[in-house]
Amino acid sequence: MFVISLSRLDVEIMPEIEFDGAIVFVDAGEMAAVEVERNITVPLEQKILEIAGVESVQSTTAIGNATLQIFIDEGRGEDVTKEIQSKMQ
């Protein structure tokens, strides 16, 4: 009885969560963070935000790298991800 209650409790506490998204990592060698942001992060954000189905982009820039987390409209992940990949080339 106790084990059954516990397993049911876990399902209610941790509901299944799904969302469409993508993460882009950019390696820029030893480039200064300001340069990475100006020359890589901001232009990529602008290109990605032009894609239909992209809800938002959150980015982090540091010395030599940038990370962009892309939030995509539910159910459009596959199509939007393909378009993001084509914009990265």
Side-chain angles (χ1 to χ4, degrees):
M1 178 78 170
F2 177 76
V3 174
I4 293 171
S5 297
L6 184 59
S7 67
R8 288 183 183 162
L9 182 62
D10 287 344
V11 171
E12 292 175 19
I13 290 175
M14 299 299 291
E16 188 174 321
I17 299 172
E18 294 183 27
F19 63 91
D20 289 331
I23 297 178
V24 175
F25 298 100
V26 179
D27 180 8
E30 297 296 318
M31 187 181 289
V34 172
E35 294 298 316
V36 174
E37 183 170 22
R38 182 180 319 137
N39 297 315
I40 297 171
T41 307
V42 172
L44 282 178
E45 285 178 345
Q46 291 170 344
K47 282 184 179 182
I48 291 168
L49 286 169
E50 292 173 355
I51 298 171
V54 172
E55 288 180 7
S56 64
V57 177
Q58 294 179 351
S59 63
T60 304
T61 304
I63 297 170
N65 67 72
T67 304
L68 291 87
Q69 185 174 7
I70 305 160
F71 298 91
I72 300 170
D73 291 338
E74 187 176 340
R76 302 222 29 221
E78 189 174 332
D79 294 333
V80 174
T81 300
K82 287 178 184 176
E83 193 165 347
I84 291 169
Q85 289 174 338
S86 72
K87 295 256 185 191
M88 296 291 123
Q89 297 174 356

E35 with R38: basic N within carboxylate O range, under 4.0 Å = yes
ask   = With hydrophobic residues grouped by side-chain heavy-atom distances under 4.5 Å, do V24 and F71 end up in a single group?
value = no
request  = Please round to the nearest 0.5 Å and tell me the distance separating atom CD1 of I51 and atom CG of D73.
outcome  = 12.0 Å
Would you tabulate the side-chain donor-acceptor contacts of residues 54-69 under 3.5 Å, counting partners in other chains and residues two or more places apart, or write 'none'?
residue : atom : partner : partner atom : Å
S59     : OG   : E45     : OE2          : 2.3
T61     : OG1  : T41     : OG1          : 2.8
N65     : ND2  : I63     : O            : 3.4

ask   = Between CD of E78 and CD of E83, what distance do you get to the nearest 0.5 Å?
value = 13.5 Å
query = For the residue pair I72 and A22, what are the closest heavy atoms and their distance?
reply = CD1-N, 4.4 Å
task = Establish whether I84 and L49 are linked, either directly or via other cluster members, by ILVMFWY side-chain heavy-atom contacts under 4.5 Å.
result = yes
ask   = Can you tell me how far CG of D27 sits from CD1 of I40, rounded to the nearest 0.5 angstrom?
value = 9.0 Å
request  = Kindly indicate whether the side chain of V80, heavy atoms from C-beta on, has any atom under 4.5 Å from the side chain of D20.
outcome  = no
task = Using the test salt bridge (charged side-chain N to carboxylate O under 4.0 Å, His left out), find all partners of R76 that sit at least two apart in sequence or belong to another chain.
result = none
